[in-house]
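Inspection log for the structure reproduced underneath, given as structure tokens.
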Amino acid sequence: RSEILIALAGNPNSGKSTLFNAITGARQHVGNYPGITVEKKEGFYDFNGRSLRLVDLPGTYSLTAYSLEERVARELLANERPAAVINVVDASNLERNLYLTVQILEMGIPVIVALNMVDVAKGRGIEIDAQLLAERLGFPVVPTVARRGEGKTELMEKVLAFADENQRREPLRLYYGPDIDPVLDDMEREIAASGFLTEVYPPRWTALKYLEADEQILDAGNAADPEVSRRLLEKAHRVTEHIKATLDSYPEAIIADHRYGFITALLKGGVVRKSPRADRLY
Ligand code: GDP
């Protein structure tokens, strides 16, 4: 009987551990990722004769190479390609939490959003239209209160339905502005044509990482094909110099701005409703 791999991802304090415990109960074990001290929690969940293996990723705000936790999280997503990610987001801090969601989608991994802490959000006068958010994202969004186990069954039904349909998705394609986009397209084409790291990472994602000067991917790229890597670096370098000279900024910052722009647009027009009380409080 085959086991379906599901990863849990989310910001620290989003309630990820609470939800993981609620789903897997006592059926979990804790180890370490090979060679490092980051804790690896795994658990199991059976439903309708199917068996899920859940991996609890380290809590992170992003998927850069700056911290060990982020590297561990994205390497697991890239190498083990879970059928889906349960992305736990804090409903009372949605905009910031969705930054990680966007990056998971840029990797081409399907997500089921656990819109957690809806009780806290409500207490602060924040109401979120989960249905509308799901329609805009193109992925399920299930409100949960992990501490009370609320929403767990609906969440897991969505996860299983999704895993069963084997929902492979194209990586989310964002627009990163006139300075970055043409070069990114060009780099993406070169990467796809040469098969550069394509067994692990989507081509556009690798191109983005070259623009972000991501050390880990640059090292992997150099090892895989120094010639292609050098050409990509040259292209990335030219854009970086241009952006420094004209905008006094870096590709990384521009890319982050556009991700936030996407999130702002996603939440516009009724997805988040705040009572006047919420504005007074926050
Ligand atoms: P993690 O860092 O994402 O693993 O977060 P935890 O699971 O440790 O949760 C952080 C805190 O939030 C704990 O005190 C939890 O009991 C609490 N918590 C988790 N989910 C909810 C929720 O839906 N509502 C409320 N009110 N508290 C929650």
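Just follow the structure's listing: the first ligand is 1, and inside any ligand the first atom is 1. For the numbers below, each heavy atom of this structure counts, side chains included, while hydrogens, waters and symmetry mates do not.
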Test ring pair (Phe, Tyr, Trp, His ring centres under 6.0 Å) applied to Tyr260 and Tyr99, step by step: CA-CA 7 Å; Tyr260 276 114; Tyr99 191 71; 4.7 Å; yes

Stepwise, does the side-chain contact (heavy atoms from CB on, under 4.5 Å) test hold for Leu76 with Tyr33? CA-CA 10 Å; Leu76 189 133; Tyr33 288 93; 3.9 Å; yes

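What sits closest to atom 5 (O) of ligand 1 on the protein, heavy atoms only, is Gly15 N, 3.2 Å. Scanning all protein heavy atoms for the shortest distance to atom 16 (O) of ligand 1 gives Arg147 CD, 3.0 Å. For atom 13 (C) of ligand 1, the closest non-hydrogen atom on the protein side is Thr18 OG1, 4.5 Å. Taking atom 18 (N) of ligand 1 as the reference point, the nearest protein heavy-atom neighbour is Met117 CE, 3.7 Å. Of the protein's non-hydrogen atoms, the one nearest atom 20 (N) of ligand 1 is Asn116 ND2, 3.2 Å.
Each of the following atoms of ligand 1 lies closer than 4.0 Å to a heavy atom of Ala146: 20 (N), 22 (C), 23 (O). Atoms of ligand 1 lying under 4.0 Å from any heavy atom of Asn11, numbered from 1 in the order shown and given with element: 3 (O). Every atom of ligand 1 is numbered from 1 in the order shown, and the set under 4.0 Å from a heavy atom of Ser17 is 1 (P), 4 (O), 7 (O). Residue Ser14 has at least one heavy-atom neighbour below 4.0 Å for each of these atoms of ligand 1: 3 (O). Every atom of ligand 1 is numbered from 1 in the order shown, and the set under 4.0 Å from a heavy atom of Asn13 is 1 (P), 2 (O), 3 (O), 5 (O).
Here Asp119 has side-chain heavy atoms under 4.0 Å from ligand 1, and that is the only part of it that gets that close. Here Val120 has side-chain heavy atoms under 4.0 Å from ligand 1, and that is the only part of it that gets that close. Within the 4.0 Å heavy-atom criterion, neither part of Val88 lies near ligand 1.
The existence of a salt bridge linking Glu241 and Arg238 is excluded, since no basic side-chain nitrogen approaches an acidic carboxylate oxygen closer than 4.0 Å. At a threshold of 4.0 Å, the pair Glu227-Arg230 counts as salt-bridged, since one of the basic side-chain nitrogens sits closer than that to a carboxylate oxygen. Under a 4.0 Å N-O distance rule, the pair Arg273/Glu127 does not qualify as a salt bridge. A salt bridge does not link Glu106 to Arg173: none of the charged side-chain nitrogens sits closer than 4.0 Å to a carboxylate oxygen. Checked for salt-bridge contact, Lys274 and Glu95 miss the test: no charged N lies under 4.0 Å from a carboxylate O.
Once rounded to the nearest 0.5 Å, the distance linking CG of Leu160 with CG of Leu52 reads 4.5 Å. From His242, atom NE2 reaches atom CG of Asp179 across 4.0 Å, with rounding to the nearest 0.5 Å.
Residue Gly10 places every heavy atom at 4.0 Å or more from ligand 1.
Backbone and side-chain nitrogen or oxygen atoms of Val118 are examined, and none is located within less than 3.5 angstrom of a nitrogen or oxygen of ligand 1. Note: no N/O pair closer than 3.5 Å links Val145 and ligand 1 by distance alone. In terms of polar-atom proximity, defined here as any N/O pair under 3.5 Å, Pro12 makes no such contact with ligand 1.
The aromatic rings of His29 and Phe44 sit tilted relative to each other, their planes meeting at an angle between 30° and 60°.
For Asn79, the CG atom counts as densely surrounded, since its 6.0 Å shell holds more than 12 non-hydrogen atoms of other residues, nucleotides or ligands.
At a distance under 4.0 Å, no protein heavy atom can be found next to atom 11 (C) of ligand 1.
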